[in-house]
Amino acid sequence: MKKEPRIKAFLISALLSGAVLRLYKLGQESLWADESLFILFRSGPAGFWPSLKFMWDKLCREGLDISNYGYRVFSTFWSSFFEGEFMLRLPSVIFGILCIFLIYKVGKLFFGRRAGLASAFIIAMAPFHVYYSQEFRMYSLISLLTLLAVYSLWKFLHSGEYRYLWVYIISSAVNFYMHIATVFVLSAQVVFCIFWRKRFKYSFRQWATGLGIIAFLIMPGIIFTLIELARAGGLKQAASYIFVSTASEAISSRVPILCYTFKNMCIGYNAVRWVWITASLLFLGLFFLALVKVRQKEALYLCLSCFLFPILVMYSGRQMAYADRYLIPSSIFLYLIAGGGIACLQRNLTIMVLVPLFTLNCLALNNYYKGHLSAVKEEHIGIKEKPECRESARYIYENFQEGDVIFHTECNTVVPFRYYFNYRFNKTAGKNSRSFKQDEISLMLHWTLEGEMAAFKSWDKVGELLTKTDFPLKGHKRLWLVFASWDPFKIACMPGSKERIKLELLEKEYVRKEVKHFKNLTVYLLVNPNGQI
């Protein structure tokens with residue numbers, strides 16, 4: 001009984017520290033492309049129910065990507081009542097804090113109280129989870145639902161109580177519609193239950209029935225996904241994908257990618273090399289210690305299945321889709337295994353492990369809050385130093401004149417600008433409010449889809465594009481150029497390319513009037529010297 005107050009104090013400390021880390025600077029960064037996309041997805045009537053009906057009609061009519069449709073519905077509901085970076089991201093913070101409590105419950109159930117507290121401490125401080133608990137996206141929610149599913153699964157297998165089975169069914173089905181990648185964790189649980197079916201003979205049949213209900217519930221999402229893949233001719237290439245087409249490429253590419261994935265799970269994207277090497281070795285030591293020392297082998301095998309199976313599936317085959325964030329449910333089980341390893345240590349050695357882990361996390365989080373990605377881009381593919389879209393969009397909005405055109409050098413700044421122009425600023429502009437038309441916010445993405453991408457890849461030939469009458473930068477009175485240096489289509493931003501754009505391309509027709517620098521983004525105002533088109 002004497003231990004209870006101390007255990008509660010440790011758990012409350014983990015919850016409070018996790019809450020502080022997730023709330024700190026929550027509204028400081030402007031929304032970036034993926035966050036804005038969830039709000040603009042509705043792009044229909046105002047209000048939740050009209051927007052929801054609009055989205056459903058659009059889904060049935062056009063067959064939209066359903067991989068995270070559930071969260072799009074939630075984001076539509078939330079953004080109908082709240083706005084501003086802090087309030088939009090607050091649900092992710094809440095889900096992240098709940099993950100800390102629930103991982104304690106799962107760790108305690110699997111490996112004992114010490115393991116539960118250690119796992120709660122790890123996820124509370126983990127930069128990987130702090131990062132995604134501060135974005136208006138689904139990743140902290142799918143982590144929470146994964147924990148809820150595995151907790152209810154374990155309780156049902158050992159007790160046979162149907163209330164746990166229904167919690168497992170609902171949480172697994174909802175999790176699938178929050179992100180389709182969670183089907184890999186569900187598959188890992190299926191593999192585990194089938195392998196241990198004799199051990200759970202009494203509850204295995206009921207679980208199999210529950211699995212059939214889950215399959216029935218997620219079948220519409222699977223059908224929609226297969227239809228979309230068939231239309232696209234396979235996986236669509238995007239900023240967060242790497243395509244491996246040959247066996248030799250696969251061997252040379254996948255080994256470092258797997259290492260970087262493990263590193264990102266351990267210490268996030270912002271750690272310098274010696275920090276992430278130390279943290280990775282520390283986690284490896286705890287991982288192998290748990291494999292040897294943990295007595296609850298069934299729980300250990302479940303964690304291993306849910307940690308390794310999604311990674312093996314995602315990296316198998318000749319065509320590989322790579323994005324660390326898709327594996328965030330798997331990282332939970334790494335933390336549980338590490339917590340089990342810590343629980344196997346003597347008490348004095350526990351302090352010797354937790355203190356260095358705390359220090360390493362603080363170093364990585366310090367870089368994260370400063371917005372500094374110290375690692376090379378291969379270590380955080382699909383992650384970038386985010387541009388300041390809010391203030392740069394405000395600057396253009398306040399100085400925009402009728403007939404101006406805005407051009408973006410990368411598509412990832414287009415969506416946030418549309419959000420800030422047509423949603424945020426219009427509400428506070430009063431009589432001066434206006435809705436920006438699509439042709440006023442010219443998209444490089446639209447242009448590249450018309451076949452100009454190949455020509456634009458060569459900066460030396462960029463001047464030749466001006467001779468084309470349909471070139472989108474020609475023939476405007478005033479042109480706003482939103483220049484961001486990171487490009488999801490992997491167009492090489494060579495040293496000095498910013499100057500080449502201005503000199504070789506723009507200054508042949510325009511005169512530079514104003515230049516304003518923002519974080520990771522520069523805005524140029526270019527005017528036609530003749531004052532007319």
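Quick note: residue numbers are just sequence positions, from 1. The analysis underlying the following values was restricted to heavy atoms, covering all of them including side chains, and did not include hydrogens, waters or symmetry mates. Model, not experiment: these values are computed from the prediction.
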(message) If you apply the rule salt bridge (charged side-chain N to carboxylate O under 4.0 Å, His left out), what do you find for K155 with E161, and how did you get there?
(response) CA-CA 8 Å; K155 293 289 284 187; E161 296 183 33; over 6 Å; no

(request) Would you sort out whether R89 and E29 count as a salt bridge (charged side-chain N to carboxylate O under 4.0 Å, His left out), showing the intermediate values? (result) CA-CA 11 Å; R89 292 167 178 156; E29 296 280 351; over 6 Å; no

(request) Take F110 and Q296, measure what side-chain contact (heavy atoms from CB on, under 4.5 Å) needs, and give me the verdict at the end. (result) CA-CA 7 Å; F110 283 3; Q296 298 87 343; over 6 Å; no

(message) side-chain contact (heavy atoms from CB on, under 4.5 Å) for V185 and F176? Distances and angles first, verdict last.
(response) CA-CA 10 Å; V185 177; F176 173 83; over 6 Å; no

(request) Would you sort out whether V313 and S187 count as a side-chain contact (heavy atoms from CB on, under 4.5 Å), showing the intermediate values? (result) CA-CA 10 Å; V313 171; S187 302; over 6 Å; no

(request) Test side-chain contact (heavy atoms from CB on, under 4.5 Å) on I328 and M138 and set out the steps. (result) CA-CA 11 Å; I328 196 167; M138 77 297 294; over 6 Å; no

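Nearest approach of L102 to L148, heavy atoms of both residues: CD2-N, 3.4 Å. The minimum heavy-atom distance between S152 and S171, with the atom names listed, is OG-OG, 4.4 Å. Here the closest heavy-atom approach between residue S305 and residue A188 is recorded as O-CB, 3.3 Å. The shortest non-hydrogen separation linking L147 to C99 is CD1-O, 3.6 Å. When all heavy atoms are compared, the tightest approach of R325 to Y269 is N-OH, 4.3 Å. Considering every non-hydrogen atom in both F111 and G340, the closest pair reads CD1-CA, 4.1 Å.
In this structure, the side-chain contact (heavy atoms from CB on, under 4.5 Å) partners of K297, at least two apart in sequence or on a different chain, are L300, Y301. Not counting sequence neighbours, the partners of E85 by the salt bridge (charged side-chain N to carboxylate O under 4.0 Å, His left out) test are R390, R424. In this structure, the side chain to side chain donor-acceptor pair (under 3.5 Å) partners of Q189, at least two apart in sequence or on a different chain, are Y168. Under the salt bridge (charged side-chain N to carboxylate O under 4.0 Å, His left out) criterion, R197 pairs with no residue at all, not counting sequence neighbours. Checked against ring-ring contact (aromatic ring centres under 6.0 Å, His included), Y369 has the following partners two or more places apart in sequence or in another chain: Y24. For V355, the side-chain contact (heavy atoms from CB on, under 4.5 Å) criterion is met by I351, T359, not counting sequence neighbours.
Judged by distance alone, with hydrogens and angles left aside, the side-chain atoms of S30 form a donor-acceptor pair with the main-chain N or O of C389 at under 3.5 Å. T209 places a side-chain N or O within 3.5 Å of a backbone atom of R205 that can act as its donor or acceptor partner. With hydrogens and angles disregarded, a donor-acceptor distance shorter than 3.5 Å links the side chain of S203 to the backbone of L157. Checking side-chain atoms of N366 against main-chain N and O of C362 turns up no donor-acceptor pair under 3.5 Å. Within the 3.5 Å criterion, the main-chain N or O of N270 finds a donor-acceptor partner in the side chain of N367. Listed for the S92 side chain is a donor-acceptor partner under 3.5 Å among the backbone atoms of E135.
L365 is listed as a side-chain neighbour of Y368, based on a closest heavy-atom distance under 4.5 Å. Proximity of L327 to F307: side-chain heavy atoms (C-beta onward) are nowhere separated by under 4.5 Å. In this structure, N520 and E388 have side chains that are not in contact, with every pair of non-hydrogen atoms separated by 4.5 Å or more. Counting heavy atoms from C-beta on, the side chains of F121 and F358 come closer than 4.5 Å. V106 is not listed as a side-chain neighbour of I332, based on a closest heavy-atom distance of 4.5 Å or more. Counting heavy atoms from C-beta on, the side chains of T146 and F333 come closer than 4.5 Å. Under the 4.5 Å side-chain criterion, counting only non-hydrogen atoms from C-beta, F283 is not in contact with F287. Side-chain contact between L117 and Y104 is present, with at least one heavy-atom pair separated by less than 4.5 Å.
Between E35 and R137 there is no salt bridge, since none of the side-chain N atoms of the basic residue sits less than 4.0 Å from a carboxylate O of the acidic one.
Distance check, rounded to the nearest 0.5 Å: CD1 of I97 to CG of L16 gives 9.0 Å. Here I267 contributes atom CD1 and N361 contributes atom CG; the two are 4.0 Å apart, rounded to the nearest 0.5 Å. Annotation: the span from T413 atom OG1 to W32 atom CH2 amounts to 12.0 Å, rounded to 0.5 Å. Here the straight-line distance linking atom CG of L186 with atom CG of L153 works out to 9.5 Å at 0.5 Å rounding. For the atom pair OG of S75 and CG of L88, the computed distance is 9.5 Å after rounding to the nearest 0.5 Å. If you take CE on M178 and OG on S140, they are separated by 11.0 Å, rounding to the nearest 0.5 Å.
The aromatic ring centroids of H158 and F200 lie less than 6.0 Å from each other. Aromatic ring centres of Y132 and F128 lie closer together than 6.0 Å. When ring centroids are compared, H179 and Y326 come within the 6.0 Å threshold. Taking the six-membered ring for Trp, W207 and F156 have ring centres at least 6.0 Å apart.
Counting non-hydrogen atoms of neighbouring residues, nucleotides and ligands closer than 6.0 angstrom, the NZ atom of K25 exceeds 12 such neighbours. For NZ of K293, the number of neighbouring non-hydrogen atoms (other residues, nucleotides, ligands) closer than 6.0 Å is 12 at most.
For the residue pair S331 and H129, a side-chain donor N or O sits within less than 3.5 Å of a side-chain acceptor on the partner. No hydrogens or angles considered: a donor-acceptor pair under 3.5 Å links the side chains of R114 and T350.
Between F95 and F74, the two ring planes are tilted [angle within 30° to 60°].
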